[in-house]
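Before I ask anything, here is the structure I am working with.
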Amino acid sequence: MKAKATLKQIAKELGVSVSTVSKALNDSPEISEQTKVKIKEYAKLKNYKPNVIGLNLKNRKTKTIGVIIPNILNSFFAKVFSGIEKVADKKGYNVITCISNESLEKEIHTLEMLSNGTIDGFILSVSEEAQKLQDYNHFSEIINDGTPIVMFDRIADEVDCDKVVVDDFDSALNSTQHLINLGCKNIALISSVDNLSVGKLRADGYLKALADNNIPVNEKIILRTDSEEDMKAKIDAIFDNKIDGIFALDENDSVAALRVSLKKGYRVPEDISIIGFADGILASRRLSPSLTTVSQHGVEIGEVAAKRLIERLEEPEGTVSEYETIVIKTKLKERESTRKK
């Protein structure tokens with residue numbers, strides 16, 4: 001007996017997407033007659049038989065949401081997840097959570113595995129590797145197959161879907177302006193997330209604040225790296241220069257900035273004021289002095305993302321609403337690491 005082919009195998013052999021094969025076999029008007037004939041004949045040759053169980057799963061609601069987060073150690077993602085779960089539970093949906101570990105391959109595998117009738121839609125933040133390679137085809141394919149996606153925090157502008165973000169650029173601009181208003185004239189930038197969309201936006205906000213205040217850019221006090229290890233290896237050199245303020249673009253960056261400042265003999269905030277992005281437990285409770293931070297409202301982001309996905313899942317048949325990008329405003333939480341005006 002010949003082995004039965006799968007949709008994925010047929011798509012790979014013919015050099016088309018799984019979505020195209022599926023539509024062709026189901027006589028979709030979106031596919032040309034020539035392509036339909038080619039795919040149907042090949043499927044017959046390869047002994048393809050549709051998976052009835054799979055089709056039934058695909059055509060009915062599972063009331064389950066798939067959540068993919070890049071990093072389990074980041075407290076921000078934990079807050080977002082709690083917001084998602086809160087709304088999902090209230091609306092009668094279950095949640096399956098997976099971690100991409102910043103890997104493109106794992107992100108693709110998870111999407112394929114869960115979109116095969118297991119879940120109704122995804123809420124996710126894009127992996128570091130996908131952003132670095134600018135590889136987002138896997139998201140578009142899932143959406144084209146009829147599974148909606150809501151992206152949050154780290155998003156891909158190239159993908160048409162709903163998105164929930166914070167105002168990274170404006171938050172960075174306002175935070176840097178706050179340091180300037182406190183009298184800081186030599187403000188260092190420390191980033192270990194320069195390869196991520198959020199890192200680039202925050203750095204741009206910092207540079208805009210300097211420009212708005214006619215403060216020259218000093219490359220010697222700007223540290224833009226792609227990893228925590230690289231940032232920690234290079235951060236000491238920043239303090240070889242005259243600085244009186246630091247804007248750190250990630251929680252790990254702000255913790256490192258505070259610890260090195262104290263190690264170098266700076267008094268915080270008397271000699272140097274520090275603002276960090278992301279309001280995690282380390283920044284707010286476990287450090288002395290406590291850090292002034294930009295609060296991203298992670299729980300609210302999760303709630304809004306879950307509401308938007310469920311709204312889309314529960315739209316009446318035939319209704320397709322416009323994709324939205326919802327912006328959540330951040331808040332500067334002043335603590336002990338910044339001087340008072």
Side-chain angles (χ1 to χ4, degrees), residues 57-72 74-100 107 110-111 114-115 117-127 136 138-140 142-171 196-198 201 277-280 294-331 333:
L57 281 172
K58 199 73 180 169
N59 292 329
R60 78 164 196 256
K61 298 294 184 185
T62 66
K63 299 285 279 187
T64 302
I65 293 169
V67 177
I68 306 176
I69 59 175
N71 185 343
I72 196 172
N74 191 317
S75 61
F76 167 70
F77 292 123
K79 289 180 180 179
V80 173
F81 177 71
S82 69
I84 293 169
E85 196 169 50
K86 179 181 174 185
V87 170
D89 186 58
K90 187 177 178 182
K91 295 283 189 178
Y93 282 75
N94 299 309
V95 178
I96 294 176
T97 310
C98 296
I99 301 150
S100 69
E107 189 172 70
T110 302
L111 281 166
L114 293 181
S115 64
T118 305
I119 55 95
D120 295 336
F122 288 101
I123 299 172
L124 59 87
S125 190
V126 181
S127 68
Y136 308 125
H138 48 302
F139 299 125
S140 298
I142 294 294
I143 293 165
N144 291 338
D145 278 341
T147 304
I149 290 175
V150 176
M151 293 182 175
F152 71 90
D153 189 49
R154 303 184 203 167
I155 62 169
D157 289 330
E158 296 87 338
V159 179
D160 288 330
C161 67
D162 296 304
K163 293 156 186 154
V164 183
V165 296
V166 297
D167 52 341
D168 287 287
F169 177 87
D170 287 341
S171 299
L196 303 179
S197 56
V198 293
L201 285 168
F277 222 100
D279 191 34
V294 178
S295 174
Q296 292 172 276
H297 302 301
V299 175
E300 184 182 351
I301 289 171
E303 290 175 353
V304 170
K307 285 175 185 173
R308 184 68 196 109
L309 179 61
I310 292 169
E311 282 170 4
R312 188 166 287 283
L313 291 172
E314 296 184 350
E315 285 175 344
E317 188 112 9
T319 303
V320 182
S321 60
E322 293 288 321
Y323 290 126
E324 291 182 61
T325 295
I326 303 165
V327 180
I328 306 296
K329 292 291 182 183
T330 59
K331 181 181 179 182
K333 289 194 174 180

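For the single chain, residues carry numbers from 1 onward in sequence order.
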(request) Report the residue from D120, I142, L313 that forms a side-chain contact (heavy atoms from CB on, under 4.5 Å) with P148. (result)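 Only match with P148 under side-chain contact (heavy atoms from CB on, under 4.5 Å): L313.
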(request) Report the distance from atom CD1 of I96 to atom CD1 of I119, rounding to the nearest 0.5 Å. (result)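 Taking CD1 in I96 and CD1 in I119, the distance rounds to 8.0 Å.
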(request) Using the test side-chain contact (heavy atoms from CB on, under 4.5 Å), find all partners of E300 that sit at least two apart in sequence or belong to another chain. (result)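 Once residues adjacent in sequence are excluded, the partners of E300 under the side-chain contact (heavy atoms from CB on, under 4.5 Å) criterion are H297, V304, I328.
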(message) Let's go through I301 and F76 carefully: what are the C-alpha distance in whole Å and the side-chain angles of both, what is the deciding distance for side chain to side chain contact (heavy atoms under 4.5 Å, CB included) to 0.1 Å, and is it a yes or a no?
(response) CA-CA 10 Å; I301 289 171; F76 167 70; 3.8 Å; yes
(message) Taking side-chain contact (heavy atoms from CB on, under 4.5 Å) as the definition, give me every residue that meets it alongside S171, ordered by chain and number, with sequence neighbours left out.
(response)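 In terms of side-chain contact (heavy atoms from CB on, under 4.5 Å), with neighbours along the sequence ignored, S171 is linked to D167, F277, V294, T330.
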(message) Does any part of the side chain of I65, heavy atoms only, come nearer than 4.5 Å to the side chain of L309, both counted from C-beta?
(response)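 L309 vs I65: side chains touch.
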(message) Using the rule side-chain contact (heavy atoms from CB on, under 4.5 Å), only one of T325, L201, D153 pairs with V165; which is it?
(response)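 It is T325; the other options fail the test.
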(message) According to side-chain hydrogen bond (donor to acceptor under 3.5 Å, both in side chains), who are the partners of S127, at least two apart in sequence or on a separate chain?
(response)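 E107.
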(message) Before you tell me yes or no, could you show the steps for L124 and F139 under side chain to side chain contact (heavy atoms under 4.5 Å, CB included), namely the whole-Å CA-CA distance, both residues' side-chain angles and the distance that decides it to 0.1 Å?
(response) CA-CA 10 Å; L124 59 87; F139 299 125; 3.7 Å; yes
(request) Could you note down all residue pairs passing side chain to side chain donor-acceptor pair (under 3.5 Å) where residues 155-166 supplies at least one of them, sequence neighbours left out? (result)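 Output for this query lists D162-R308, D162-R312.
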(request) Enter the distance from Q296:CD to K329:NZ here, rounded to the nearest 0.5 Å. (result)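 Here the interatomic distance stands at 14.5 Å.
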(message) Give me each pair satisfying salt bridge (charged side-chain N to carboxylate O under 4.0 Å, His left out) with a member in residues 83-99, each pair once, sequence neighbours excluded.
(response)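 Sorted result for residues 83-99: K86-E303.
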(message) For a 4.5 angstrom cut-off between non-hydrogen side-chain atoms, does V126 reach Y136?
(response)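 Yes, their side chains come closer than 4.5 Å.
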(message) When you compare the side chain of V67 with that of F122, does any pair of heavy atoms fall below 4.5 Å?
(response)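 Result no, sub-4.5 Å side-chain heavy-atom pair not found.
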(message) Go through it in stages, so that I can follow the logic: the residues are V166 and V327, the test is side chain to side chain contact (heavy atoms under 4.5 Å, CB included), and I'd like the CA-CA distance, side-chain angles, deciding distance and then a yes or no.
(response) CA-CA 5 Å; V166 297; V327 180; over 6 Å; no
(message) I'd like to check the side-chain contact (heavy atoms from CB on, under 4.5 Å) partners of I143; sequence neighbours left out, ordered by chain and number.
(response)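 side-chain contact (heavy atoms from CB on, under 4.5 Å) check on I143 returns I149, V159, C161, Y323.
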(request) Nearest 0.5 Å please: distance from the CD1 atom of I310 over to the CD atom of E315. (result)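 Those atoms lie 12.5 Å apart.
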(request) Kindly write out the residues that satisfy side-chain hydrogen bond (donor to acceptor under 3.5 Å, both in side chains) with K333, not counting sequence neighbours, or none if the list is empty. (result)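 D279.
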(message) What's the separation between atom CZ in F152 and atom CZ in F81, rounded to the nearest 0.5 Å?
(response)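 F152 CZ to F81 CZ: 10.5 Å, rounded to 0.5 Å.
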(request) Output all residues satisfying salt bridge (charged side-chain N to carboxylate O under 4.0 Å, His left out) with K331, sequence neighbours left out; order by chain, then residue number. (result)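 Salt bridge (charged side-chain N to carboxylate O under 4.0 Å, His left out) list for K331, sorted by chain: empty.
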(request) Measure the OG1-CZ distance between T97 and F77 for me, rounded to the nearest 0.5 Å. (result)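 Here the interatomic distance stands at 13.0 Å.
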(request) Only counting residues at least two apart or in another chain, list the ones meeting side-chain contact (heavy atoms from CB on, under 4.5 Å) with T110. (result)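 Partners of T110 under the side-chain contact (heavy atoms from CB on, under 4.5 Å) test: I68, C98, K106, L114.
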(request) First locate atom CD1 of I69, then atom OG of S100, and finally report the distance between them rounded to the nearest 0.5 Å. (result)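 Rounded to the nearest 0.5 Å, the CD1-OG separation comes to 8.5 Å.
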(request) Look at the side chain of S82 and the backbone N and O of K79, then say whether any donor-acceptor pair between them is shorter than 3.5 Å. (result)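 Looks like yes, one N/O pair under 3.5 Å.
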